[in-house]
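Proteins get letters first, then strands, A, B, ... in listed order; numbering begins at 1 in each.
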2 protein chains.
Amino acid sequence: MARSPYAGTVTPSADVRPYHHGNLRTALLEAAERRLAEHGADGIALRDLAREIGVSHAAPRRHFADRQALLDALAISGFARLDERLRAAVDDAAADSSSRMRAVASTYTRFATENASLLDLMYTSKHRPGGEAILEAAEAPFSLLSDLIEQGQRENTLTREDLTGSATVLFASLHGIATMINGSFVPAAQLEGLTDIAVSQFLQAAGPAPVADQR
Amino acid sequence: MARSPYAGTVTPSADVRPYHHGNLRTALLEAAERRLAEHGADGIALRDLAREIGVSHAAPRRHFADRQALLDALAISGFARLDERLRAAVDDAAADSSSRMRAVASTYTRFATENASLLDLMYTSKHRPGGEAILEAAEAPFSLLSDLIEQGQRENTLTREDLTGSATVLFASLHGIATMINGSFVPAAQLEGLTDIAVSQFLQAAGPAPVADQR
DNA sequence: CTACGGTGTTGCCCATGACTACATTCACGA
DNA sequence: TCGTGAATGTAGTCATGGGCAACACCGTAG
């Protein structure tokens with residue numbers, strides 16, 4: 001079997017595994033993330049990861065106090081990756097807030113369906129101690145949404161009061177849509193369409209004109 | 001310690017526990033549901049339940065092939081209870097579809113926040129074999145929503161096309177709102193307000209007064 | 001009254017998380 | 001340069017829990 005699970009600065013002399021892995025924490029997270037995607041959170045066993053990486057069964061403990069700590073770390077890095085993706089989407093989109101909003105929304109639901117188990121992990125923080133770190137990590141993507149709203153207000157695209165509420169509902173919708181699809185309660189093919197409806201409803205509800213109707 | 005974990009038709013002669021419990025399956029589900037609420041799904045251990053009920057550690061196996069089967073059963077009964085609650089809410093509400101819709105919505109989010117762990121279980125069916133039973137159980141509450149929509153159409157309260165899409169988004173919103181609150185991402189105090197926003201947006205988007213279309 | 005199916009029991013194996021004591025290595029300062 | 005302590009990894013152990021198998025009890029149908 002190949003034996004070069006080295007990713008760090010350490011260069012193994014030849015064939016011998018160095019006593020110190022050099023990058024174990026990262027290696028654990030990567031392996032865990034793979035398992036998470038393939039077998040869900042329940043499929044993550046510390047001992048298993050250790051075996052896969054080629055360290056002793058107790059080694060992971062040096063980097064994660066317990067299993068839950070590793071799961072929390074996954075959740076946190078999940079929010080970070082999500083944030084990256086969302087911001088990239090904003091940058092790629094047209095400059096107006098509506099376009100950006102749509103881009104963020106569809107990126108979000110795509111991310112959420114492509115990383116179903118990860119999303120579960122991210123949102124199912126059971127108010128346990130240490131869960132604050134996760135909430136903190138979640139602020140990055142949330143703040144992105146706030147920024148977009150502010151932009152919309154500057155552009156006079158979003159004029160209503162209580163935008164925060166509507167925005168929260170939008171976010172919840174997107175998440176809910178992903179949940180329904182991930183659970184097979186709704187066919188995956190509807191992803192784009194539903195996302196669109198959610199954003200449109202938000203823009204309509206938060207938008208400038210409750211204007212007189214015209215048909 | 002008291003020793004009367006009897007709930008069934010069996011009447012114990014005196015002080016002796018009968019060889020057969022008489023209602024083990026139900027007792028297991030009830031105990032499991034308690035633990036679910038108190039400690040989450042991870043806090044459910046078959047052996048623990050058996051101990052609590054006073055049967056041997058292998059007894060549960062006669063009623064549930066494995067742990068997952070019990071969790072699935074919980075999810076199914078969860079959908080059933082949810083359905084009951086929703087239908088009760090419809091019956092208690094005014095007869096017009098909008099009122100009913102609002103009643104259903106707020107009942108849903110309340111149920112979802114009061115039974116956070118249960119909801120996780122219900123929606124996180126990992127397309128495993130046997131998950132179909134859960135999807136099937138979920139149809140009851142879903143069909144309720146369809147019925148309300150039909151009623152709205154008859155009443156001409158809901159006139160737009162693609163109502164199904166909007167309705168799905170509404171449902172997703174409600175679920176998402178509950179998820180955000182359960183995860184402490186949003187303060188619980190906002191439950192009612194957000195629920196209201198979600199319903200209003202749906203009614204507005206699906207309703208008769210069309211606001212041009214969005215750009 | 002007997003045989004059988006349903007239900008519960010005992011005993012076992014094995015995987016896993018968590019803990020402790022010990023080993024190795026690295027980095028930093030005297 | 002060396003030595004010393006902090007990081008990091010290892011080995012061994014325990015308790016818990018899921019799952020399986022063989023056996024025991026019991027009600028009921030024939």
Side-chain angles (χ1 to χ4, degrees), chain A residues 3-14 16-29 31-32 35-36 39-74 126 128-130, chain B residues 3-14 16-29 31-32 35-36 39-74 126 128-130:
Chain A
R3 64 155 42 185
S4 33
Y6 310 105
T9 52
V10 180
T11 337
S13 51
V16 216
R17 181 182 11 239
Y19 191 87
H20 289 98
H21 178 280
N23 233 343
L24 186 51
R25 189 191 151 92
T26 307
L28 284 167
L29 286 175
R35 305 225 162 207
L36 178 63
H39 308 290
D42 290 344
I44 297 180
L46 293 182
R47 281 170 118 99
D48 236 18
L49 300 179
R51 262 191 297 273
E52 177 182 333
I53 294 173
V55 294
S56 79
H57 64 94
R61 215 175 137 56
R62 294 289 173 205
H63 301 275
F64 300 100
D66 56 16
R67 196 183 107 104
Q68 190 55 56
L70 182 142
L71 296 183
D72 287 353
L74 278 183
K126 311 131 186 171
R128 61 171 160 284
Chain B
R3 64 154 41 185
S4 32
Y6 309 107
T9 52
V10 180
T11 336
S13 51
V16 217
R17 179 178 15 239
Y19 191 89
H20 290 97
H21 178 282
N23 233 343
L24 187 50
R25 191 190 150 92
T26 306
L28 284 167
L29 286 175
R35 304 223 164 209
L36 178 64
H39 308 291
D42 290 344
I44 298 180
L46 294 182
R47 282 169 119 98
D48 238 19
L49 300 180
R51 265 191 295 272
E52 178 181 333
I53 295 173
V55 294
S56 78
H57 63 91
R61 213 172 138 58
R62 292 289 172 207
H63 302 274
F64 301 99
D66 55 16
R67 197 184 105 104
Q68 190 57 56
L70 181 141
L71 296 183
D72 287 353
L74 278 183
K126 311 131 185 172
R128 59 170 164 284

Identify the heavy atoms of A:Leu36 and A:Ala41 that sit nearest to each other, and give their distance.
CD1-N, 3.5 Å

Distance criterion of 3.5 Å, no angle test: do you see the side chain of B:Arg47 paired donor-to-acceptor with the base of D:dG19?
yes

Grab the CZ-C1' distance between B:Arg25 and C:dG6 for me, whole Å please.
15 Å

Is the shortest heavy-atom distance from the side chain of A:Arg67 to the side chain of A:Ile44 under 4.5 Å?
yes

A:His57 side-chain proximity, nearest of C:dT9, C:dC19, C:dT10
C:dC19

Spacing between B:Asp42 atom CG and D:dG18 atom P, to the nearest angstrom
11 Å

Is any side-chain nitrogen or oxygen of B:Arg67 closer than 4.0 Å to OP1 or OP2 of D:dG17?
no

Check whether any side-chain nitrogen or oxygen of B:His63 sits under 4.0 Å from OP1 or OP2 of C:dG6, and answer yes or no.
no

Could you tell me which non-hydrogen atom of A:Leu49 sits nearest to which non-hydrogen atom of A:Leu28, and how far apart they are?
CB-CD2, 3.9 Å

Once you apply a heavy-atom cut-off of 4.0 Å, does B:Arg51 come out as touching a base, just sugar-phosphate, or nothing?
sugar-phosphate

Describe the nucleic acid contact of B:Ala59 in one word from base, sugar-phosphate, nothing, applying a heavy-atom distance below 4.0 Å.
base

What's the shortest heavy-atom distance between B:Ala50 and B:His57, and which atoms?
CB-CA, 3.9 Å

B:Ala58 side chain: which of D:dC20, C:dG8, C:dT16 is closest?
D:dC20

To the nearest angstrom, the CG-C1' distance between A:Asp48 and C:dT16 comes to 9 Å

Contact under 4.0 Å: A:Arg61 side-chain N or O vs C:dT20 OP1/OP2:
no

Between P on D:dC20 and CZ on B:Phe64, what's the gap in Å once rounded to a whole number?
16 Å

Whole Å only: how far is the CZ atom of A:Arg35 from the P atom of C:dT16?
9 Å

Write down the distance between CG (A:Leu71) and P (C:dT16), rounded to a whole number of angstrom.
15 Å

Assuming nearest nucleotide by heavy-atom distance, tell me which of A:Ala45 and A:Arg62 is located more 5' along DNA chain C.
A:Ala45

On a heavy-atom basis, the closest approach of A:Gly43 and A:Arg35 is O-CD, 3.8 Å

Name the nucleic acid region contacted by B:Ile44, choosing base, sugar-phosphate or nothing; use a 4.0 angstrom heavy-atom cut-off, strictly under.
sugar-phosphate

Between C1' on C:dT20 and CG on A:Asp66, what's the gap in Å once rounded to a whole number?
17 Å

Distance in angstrom units between A:Leu49 CG and C:dT16 P, rounded
10 Å

